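Remarks on the structure that follows.
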Amino acid sequence: MTKLIYRRRQTARPRPHSGEPTYGPLTQDELQLSARNHSMPLEALREDVTPPGMHYVLTHFDIPQITDGSWHLRIGGAVEMAMELSLAALKKDPAISIPVTLECAGNGRSLLKPRPLSQPWVLEGVGTAVWTGVPLAYLLAQARVEPEAVEVVFTGVDEGIQGGVRQQYARSLPIAEALRPDVVLAYKMNGSELPPQHGYPLRLVVPGWYGMASVKWLQSIKVVTAPFHGFQQAVAYRYQHNANDAGTPVSRIRVRSLMVPPGIPDFFTRRRFLPRGPVMLRGRAWSGEGAVTGVEVGIDGKWVHAHLDKPAGSFAWRGWSLPWVADPGHHELACRATDATGAVQPLEQHWNYQGMGNNVVQRVRVTVE
Ligand SMILES: Nc1nc2c(c(=O)[nH]1)N[C@H]1C(S)=C(S)[C@@H](COP(=O)(O)O)O[C@H]1N2
Ligand SMILES: [Mo]
């Protein structure tokens, strides 16, 4: 696999398509990507399950047009029983439904300095949906995985060029992750058939992992006996210090929380305005590493523990709330979650070359009248 993509250059000028970091205003290419790939409006944090159309979307290439008559899922590689399944056949298999918070690994990228050139997320590359479909482990059991298996490779129908490499979007999972009972081949999102942008007719959902693992428009599942080195595995989605660093793979979602910005926004700046007096601050917190165990809310730098709602599932965000009596003036609100591993959100983000795994605390500036 070519490893020429993220060369270091000694310039701070934007170089479209290079993936390298830059300062200054957004480039036209970043703007184009951000108009295609939308985030979740923060007010959707009020809901346990993100309403249709408000879930974030990230698509590297084009959304493929798939008619379910011609579409089949192939399962093969190091299995005793290769198979090809229609959507109708898959729908007859045992199904599960599971609420899952997905977050793009690049969420928060545009806040980094210098800013890695790619989809310029701010904070809202996240959403929670109830996914319904067949457990991957069920189908792998039917196919009978051979003992030498080390990974499972998932390939989407969508094709394009990234870093100069022509490819279909493909990712792998270690065999142990692929056999988890909650990894699902989903054909429904929030009870309805998958929308085109979310992977119709079938997608993988890997609870707890950043979104890149959840391959949309799934075409084939191949069990392999050596690690997969496709572009989205070996080059993209790595924590790197610089262009020459092979880095480490991005996998599980780091602990994070967000709040519903209180009051009303200014149209252009999104600055918040609210009346003096009591206000309930609310938001959600999640982690792919372990359950969220605490959320603190910072009010002008002073941290207070928030109330946590009951978890809706092991891989769905958890609601939190804190009453605040707003006094007139300018204030800065923030929130910071901790998970069962003891991980806590950083106050300043550690920079990495691709802008992955950002979980810096959100800060919301409000003016109380
Ligand atoms: N086939 C395919 N699957 C894909 C992608 C893609 O471009 N093609 N993008 C991945 C990334 S980076 C993310 S964050 C999630 C986004 O899922 P969503 O658009 O349903 O929110 O899909 C993942 N699966
Ligand atoms: Mo992503």
Side-chain angles (χ1 to χ4, degrees), residues 19 33-34 36-41 44 49-66 71 73 99-110 116 118-133 153-163 165 167-173 183-190 192-221 230-233 235-239 249-254 256 286 288 317 354-358:
L33 271 183
S34 71
R36 286 183 54 82
N37 296 309
H38 67 79
S39 56
M40 181 195 72
V49 173
T50 310
M54 290 171 88
H55 192 283
Y56 86 98
V57 172
L58 193 292
T59 299
H60 287 236
F61 309 129
D62 289 350
I63 298 167
Q65 187 184 35
I66 302 175
W71 177 91
L73 174 70
V100 177
T101 297
L102 282 184
E103 181 180 6
C104 182
N107 195 18
R109 175 183 285 127
S110 74
S118 183
Q119 163 73 18
W121 294 119
V122 186
L123 289 169
E124 309 97 321
V126 65
T128 298
V130 177
W131 301 98
T132 301
V153 180
F154 303 88
T155 305
V157 172
D158 50 325
E159 187 180 7
I161 300 160
Q162 193 178 339
V165 179
Q167 56 191 280
Q168 278 176 269
Y169 186 90
R171 287 275 312 178
S172 71
L173 277 181
V183 172
V184 60
L185 297 173
Y187 47 75
K188 281 189 177 175
M189 180 184 192
N190 300 345
S192 305
E193 92 181 354
L194 291 187
Q197 69 274 27
H198 290 295
Y200 179 88
L202 189 77
R203 79 173 302 169
L204 180 66
V205 176
V206 185
W209 284 52
Y210 279 115
M212 75 280 153
S214 294
V215 177
K216 303 191 276 189
W217 312 292
L218 198 58
Q219 180 181 62
S220 84
I221 297 177
F231 184 92
Q232 304 296 342
Q233 201 80 28
V235 183
Y237 298 106
R238 301 188 77 87
Y239 293 113
V250 173
S251 58
R252 287 181 177 263
I253 301 176
R254 291 176 171 170
R256 178 172 235 165
W286 62 94
W317 55 26
Q354 295 185 28
M356 295 285 153
N358 302 288

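FYI, side chains are in, hydrogens and waters are out, and symmetry mates aren't considered; it's all heavy atoms of this structure. These figures come from a predicted structure and were not determined experimentally. Read the numbers this way: they start at 1 and go in the same order the structure lists the ligands and their atoms.
Residue contacts with ligand 1 for Ala213 are absent, since no atom lies close enough (heavy atoms, distance under 4.0 Å).
Ring-plane geometry between Trp131 and His55 is classed as perpendicular, the angle between the planes exceeding 60 degrees on a 0 to 90 degree scale with a lower cut at 30.
For atom 24 (N) of ligand 1, the closest non-hydrogen atom of the protein is Ser214 O, 3.0 Å. Protein heavy atom closest to atom 9 (N) of ligand 1, with residue, atom name and distance, is Leu58 O, 3.3 Å. For atom 11 (C) of ligand 1, the closest non-hydrogen atom of the protein is Met212 CA, 3.7 Å. In this structure, the protein non-hydrogen atom closest to atom 3 (N) of ligand 1 is Lys216 N, 2.8 Å. Looking from atom 17 (O) of ligand 1 to the surrounding protein, the closest heavy atom is Arg203 NH2, 3.2 Å. Taking atom 12 (S) of ligand 1 as the reference point, the nearest protein heavy-atom neighbour is Tyr237 OH, 2.8 Å. Distance from atom 21 (O) of ligand 1 to its nearest protein heavy atom, with residue and atom name: Tyr56 O, 2.8 Å. The protein heavy atom nearest to atom 15 (C) of ligand 1 is Gly211 O, 3.4 Å.
Those atoms of ligand 1 with a heavy atom of Val215 less than 4.0 angstrom away are 1 (N), 3 (N), 24 (N). The atoms of ligand 1 that sit less than 4.0 Å from any heavy atom of Cys104 are 14 (S). Those atoms of ligand 1 that come under 4.0 Å of a heavy atom in Asp158, given as number and element, are 1 (N), 2 (C), 6 (C), 7 (O), 8 (N). Shown in contact with His55 at under 4.0 Å from a heavy atom are these atoms of ligand 1, numbered in order with element: 21 (O). Atoms of ligand 1 found under 4.0 Å from any heavy atom of Thr59, numbered from 1 in the order shown, are 7 (O).
Not close to ligand 1: Tyr210, with no non-hydrogen atom less than 4.0 angstrom away.
Between the side chain of Thr101 and the backbone N or O of Thr128, no donor-acceptor pair lies under 3.5 Å.
Here the CD atom belonging to Gln119 is positioned 7.0 Å from the SG atom belonging to Cys104, to the nearest 0.5 angstrom. Here Ile221 contributes atom CD1 and Leu73 contributes atom CG; the two are 4.5 Å apart, rounded to the nearest 0.5 Å. The OG1 atom of Thr50 sits 7.5 Å away from the CE atom of Met189 when rounded to the nearest 0.5 Å. Summarising the geometry, atom OG belonging to Ser214 is positioned 11.5 Å from atom CG belonging to Leu58; distances are rounded to the nearest 0.5 Å. Distance OH/Tyr237 to CZ/Arg171: 8.0 Å, rounded to 0.5 Å.
Arg254 forms a cation-pi arrangement with Tyr239, by the criterion of a distance under 6.0 Å to the ring centre and an angle within 45° of the ring axis.
Using a 4.5 Å heavy-atom threshold, the side chains of Glu103 and Asn358 count as separate.
Considering backbone and side-chain N/O of His60, one or more are found under 3.5 Å from N/O of ligand 1.
Between Tyr56 and Trp121, the distance from one ring center to the other falls under 6.0 angstrom.
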